[in-house]
Amino acid sequence: MTWFARWRWAALVLLGVTFLLSFWKPDDSQRLVLWHAYDEGEAAALRQVLDRFEAREGVVVHDVRLPFGVLASRLESAVRTGNGPDLFIDAHERMERYVAGAVVQPFDPSSALNDALDELESAHVDALSRAGAVYGAPLSAKALALYVNRTLAPDVPANATLDERLRAGFPEGVWPLITEAENAYYAAPFFHAFGARLFDPALVFEDARVFEEAGVSERTGGYEAASEAGAAALQRIATYFREGLLPPEPSGALVGQLFGSGQAAYAISGPWLAPQLPDDLAYDVLPLPALDGAGVLQPYVTLEAVFRAARSSHPASTDLAAFLVGEESALLRAREGRQVVSHRRAWDSLADEPQLLAFRRAAAGGIVMPSHRRMSQVFEPTTRAIREVVRGGGSPEDALDSAQARFLRSVEALPEARDPAPALVVVGLLLLLVMVQIARRMRDATFRTTLAASRPAYRYVALAGVAVLLLVIGPLVVGAFMSLFATDGVSFRYVGLTHYASILSADGLSLFANGSFWRVLLITLVWTALNLVLHVAIGVALALALHRPGLKFRALYRVLLIVPWAVPNYVTALSWKGMFHSQYGAVNALIEAAGGESIQWFSRFATAFSANVTTNVWLGFPFMMVVALGALSSVPKELYDAAKVDGATPWQRFRYVAWPMLWPTMIPAIALGAVWTFNMFNVVFLVSGGEPGGSTEILVSEAYRWAFTRGARYGYAAAYAVLIFGVLWLSTRSQVVRKALQ
Amino acid sequence: MTVASDSAGTPRASGKTRDALRSAAIHGVLALATAFALYPVLWVLATALSGDVLPAGRVVPLPQDATLEHFAAVLGAGDGVFFVQLANSLLIAATTSIVAVLIAAPAAYAISRLEFVGKSASLRSLLATQMFPGVAAAIPLYFLLNAMHLLDTRFGLVLVYGSTVVPFAIFQLRSAFDAIPIELEEAAMVDGASRSEAFYLVVLPAARPALAVTTLFAFMTAWNEFILAATFLSDESRLTLPVVLQRYVGEHSANWNAFAAGAILVSIPVMALFFRLQRHLVGGLNAGGVKG
């Protein structure tokens with residue numbers, strides 16, 4: 001009694017505290033809210049700027065720093081519900097998406113802001129205006145540049161091409177270059193050098209008639225990488241890798257690691273690399289050079305700008321925007337936040353910042369990234385094409401052609417709107433049917449007695465029922481209904497079952513083509529089965545070992561074996577990804593130490609899939625081990641002893657004594673484990689990321705891609721989610737799961 | 001069979017050596033499994049302890065330019081706001097787990113002991129909730145919390161987390177209650193206790209291990225959740241640790257050292273709970289462990 005009373009008290013006190021804390025909010029009606037996703041250094045500089053503004057204008061500015069990955073989707077739902085900020089800072093290439101989605105509104109044409117804009121780089125201002133309306137005020141530019149290690153890189157003429165620099169000869173163990181060239185953003189300068197464009201907004205032609213009138217022979221949807229020049233650029237990148245000028249599988253972490261520790265002579269990266277480098281590293285920053293037999297490497301330029309959120313009516317927001325882009329702020333942001341600021345005159349006082357000046361020159365030589373909404377769809381297919389060529393050795397032409405096909409598929413016009421009337425009639429009829437059914441049962445006397453007898457039970461169930469209905473089932477049903485609507489984040493229309501038809505028919509491609517629902521389903525089923533078998537086998541084996549009477553260090557083993565379960569899986573999955581790196585990963589190091597050949601884990605399906613499975617088995621075995629330990633402790637010791645006396649082997653004792661008692665108690669855990677594994681997004685997304693070519697994707701990660709990396713097709717993604725549910729639901733018809741439910 | 005006949009015929013001494021050998025083999029297996037379990041985590045630790053670079057070496061996870069500066073940086077971020085965020089995470093996770101168990105326990109009891117109309121349907125819908133990818137509910141939940149004026153509040157997050165955990169908690173507790181001999185409550189009820197007295201005074205105390213483990217699960221779910229927290233919270237002083245951690249990973253650059261240091265710090269409370277509850281853990285996860 002005392003125990004439970006204490007427990008209930010603790011719960012009440014905690015709930016009360018949380019509840020009170022929720023409603024204790026500072027009075028925020030007067031303050032200006034600014035959202036951004038800056039890194040630490042830039043955020044600190046921004047705060048200094050805001051402090052000065054507050055001191056001057058007497059307006060409180062509340063800056064909210066969000067994780068980069070959630071900023072855009074957060075803005076869309078927040079602004080729609082009136083919870084948005086007054087201002088936010090984001091890259092200019094999302095501007096059109098924000099304009100179309102009514103997330104931003106133009107600034108009031110005030111004289112203060114106009115004067116401030118006159119002092120900025122005019123190309124930057126132009127990129128953020130549409131039809132005379134200023135949607136964003138540019139703060140700074142970001143572009144790739146060449147980092148040169150002074151000690152490692154030999155003296156070359158200032159106009160030496162990249163190829164000349166990389167073939168100059170370097171000490172043993174030093175890579176000539178490190179850059180994430182497998183990533184489309186980092187590869188873009190190569191495409192530009194060969195005269196290719198990744199994307200040209202002038203060639204989009206959304207309307208088929210315009211497209212015919214323009215007399216363009218081939219419909220590209222604006223995706224221009226699949227050209228002769230593009231193939232040549234991709235070929236050059238692949239050559240760099242093949243000749244060992246670049247380490248395999250470069251990642252952001254590896255760039256900082258190798259260049260920072262003097263294991264790479266050159267790096268191509270943006271201003272964000274500099275703060276990660278050790279203080280004692282002697283290096284220069286140069287604008288990107290030219291390539292042999294091609295032009296200058298021109299990076300994409302991204303402009304960070306401050307936008308005015310729709311629905312914001314704070315009178316000081318335009319003033320703050322003007323102050324943010326102004327000279328005083330620009331100098332602070334340049335010196336403290338290391339930004340390449342858009343303010344022209346500020347640079348007169350920045351002559352003592354050679355590195356910033358170099359980044360400025362790099363940005364001046366670049367191409368301002370198109371802000372067309374389709375631009376964001378360019379990267380995924382192109383990155384995949386580069387990997388296909390670099391890792392799998394495919395032909396550049398074919399890879400880029402299929403990239404173009406994938407691009408076109410992700411920007412496809414939304415399916416046509418349908419009349420919701422038939423669906424409404426069907427739903428109405430179903431509801432009527434249900435009501436009639438209920439009414440009929442209510443008239444049934446025996447049913448009424450059972451219902452009355454159920455009343456005490458309902459008292460116990462009520463609270464859980466309401467909570468789950470309102471906060472779990474309700475939102476899920478609403479989410480499922482979204483599958484009947486098509487949206488690309490901007491327009492929204494009812495399309496009926498079109499999404500299901502398109503998914504189940506694999507969009508007219510062959511049913512088992514790469515990326516088709518049926519193929520991904522098959523992979524997901526294999527994935528689930530393989531993981532479960534290994535989870536249970538390893539878990540039970542370890543439980544049996546731990547269960548041995550008189551075992552020393554039992555408690556220690558038990559705690560250490562649970563560690564994979566305790567550390568957040570989004571961290572350990574990344575750790576595993578690093579361990580599977582072909583050149584620097586621990587797994588290959590171990591294989592080599594054992595005399596084996598190192599493996600390019602993510603270049604073939606079988607190895608990439610094994611990497612995912614290994615990670616997930618590591619994550620999941622402790623759960624099954626603990627379940628099995630619990631189950632084993634319920635096997636009476638006498639049974640074991642009796643079997644031993646009868647001369648049963650250990651295997652026989654396990655098979656005929658322990659297992660029959662283990663199995664039934666483990667069934668609920670196995671059923672839940674199956675569902676969790678089936679939807680284990682983190683591992684697939686973080687370890688293989690679908691590589692190679694999306695072949696290791698499972699259903700839930702495929703759904704995620706449709707929602708977040710392929711043009712915000714929430715409806716399409718919701719249809720995927722419903723199908724996932726459907727598959728799992730069908731599986732509950734199986735004997736095993738039924739037993740668990742009984 | 002051959003092994004069995006061998007063992008029947010061998011003298012005692014060699015039986016002892018074989019026992020010792022078997023014990024050594026078991027320790028070998030367990031040590032190997034422990035190494036497998038710890039290895040990736042040691043890499044995270046080595047990264048957290050390295051200077052501004054990643055750990056050196058390829059096989060042995062050793063920190064390079066060992067330093068505690070990243071831990072200091074994470075702990076000292078924003079003039080102690082880390083500790084406010086830690087307190088948020090603790091408060092939210094603790095309240096979530098207790099709320100979830102409070103809601104789930106009576107329901108699980110009713111499912112275990114009583115008959116009622118709609119029982120199998122509700123069981124099936126509970127399982128169904130586990131099958132739907134949770135992200136699908138994020139946007140509807142956003143609108144729901146907005147309507148309830150609970151956006152950017154810890155209370156709102158507790159409500160959402162608490163309900164999300166309820167289905168799992170019901171499954172767990174129900175199998176624990178199933179394993180408690182019904183005679184226990186019947187005896188209490190014969191002695192004059194009402195059913196709810198029997199539930200609160202007899203059944204719940206008997207199910208303590210399962211309650212502890214379910215609480216731990218609920219705690220971990222709320223403790224590690226990122227997507228909903230990042231969707232609903234924005235005020236710096238209301239954020240939970242996973243959201244804070246995620247901010248070390250930017251669009252182009254990531255501070256892996258600080259990310260790793262934060263991850264280690266985030267794991268410590270969960271490890272401590274595991275350690276504290278491990279006695280229950282073994283008995284509480286399923287029916288079998290709860291002995292009447």
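Each chain gets a letter, A, B and so on, in the order its sequence line appears, and its residues count up from 1.
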Going through the distances and angles, do B/Thr34 and A/Leu561 end up as a side chain to side chain contact (heavy atoms under 4.5 Å, CB included)? CA-CA 6 Å; B/Thr34 310; A/Leu561 285 172; 3.9 Å; yes
Would you name the heavy atoms of [X] and [Y] that are closest together and state the gap between them?
X: A/Ser454; Y: B/Val117; result: OG-N, 3.0 Å
X: B/Arg247; Y: A/Arg65; result: NH1-O, 2.7 Å
X: A/Ala464; Y: B/Ile103; result: CA-CG2, 3.2 Å
X: A/Leu560; Y: B/Leu38; result: O-CD2, 4.0 Å
X: A/Trp565; Y: B/Met220; result: O-CE, 3.2 Å
X: B/Ser163; Y: A/Val472; result: O-CG2, 3.3 Å

Looking at side-chain heavy atoms only, is the closest gap between [X] and [Y] below 4.5 Å?
X: B/His27; Y: A/Lys552; answer: yes
X: A/Leu551; Y: B/Leu30; answer: yes
X: B/Phe274; Y: A/Val559; answer: no
X: B/Ile111; Y: A/Tyr460; answer: no
X: A/Phe681; Y: B/Pro133; answer: no

Check whether [X] gets within reach of chain A through its side chain, its backbone, both or neither, counting any heavy atom under 4.5 Å.
X: B/Ser97; answer: neither
X: B/Asp65; answer: neither
X: B/Arg195; answer: both
X: B/Ile264; answer: neither
X: B/Phe232; answer: backbone
X: B/Gln130; answer: both
X: B/Leu159; answer: both
X: B/Val266; answer: side chain
X: B/Phe36; answer: both
X: B/Ile227; answer: neither
X: B/Pro269; answer: neither

Tell me which of these, A/Ile473, A/Thr572, A/Val468, has more heavy-atom pairs under 4.5 Å with chain B than the rest.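 Most heavy-atom pairs within the cutoff with chain B belong to A/Val468.
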B/Thr231/A/Val70 under side chain to side chain contact (heavy atoms under 4.5 Å, CB included): CA gap, chis, key distance, verdict: CA-CA 7 Å; B/Thr231 311; A/Val70 299; 5.6 Å; no
Would you check, one step at a time, whether the test side chain to side chain contact (heavy atoms under 4.5 Å, CB included) holds for B/Lys119 with A/Val461? CA-CA 10 Å; B/Lys119 177 166 150 181; A/Val461 187; over 6 Å; no
Between the side chains of A/Arg74 and B/Ser234, is a donor N or O closer than 3.5 angstrom to an acceptor N or O?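 Their side chains do contain a donor-acceptor pair, which is all the 3.5 Å distance test asks for.
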Stepwise, does the side chain to side chain contact (heavy atoms under 4.5 Å, CB included) test hold for A/Val571 with B/Phe259? CA-CA 8 Å; A/Val571 176; B/Phe259 185 67; 4.2 Å; yes
Mind checking whether B/Phe132 and A/Trp729 have ring centres under 6.0 Å apart?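 Ring centroids of B/Phe132 and A/Trp729 are no less than 6.0 Å from each other.
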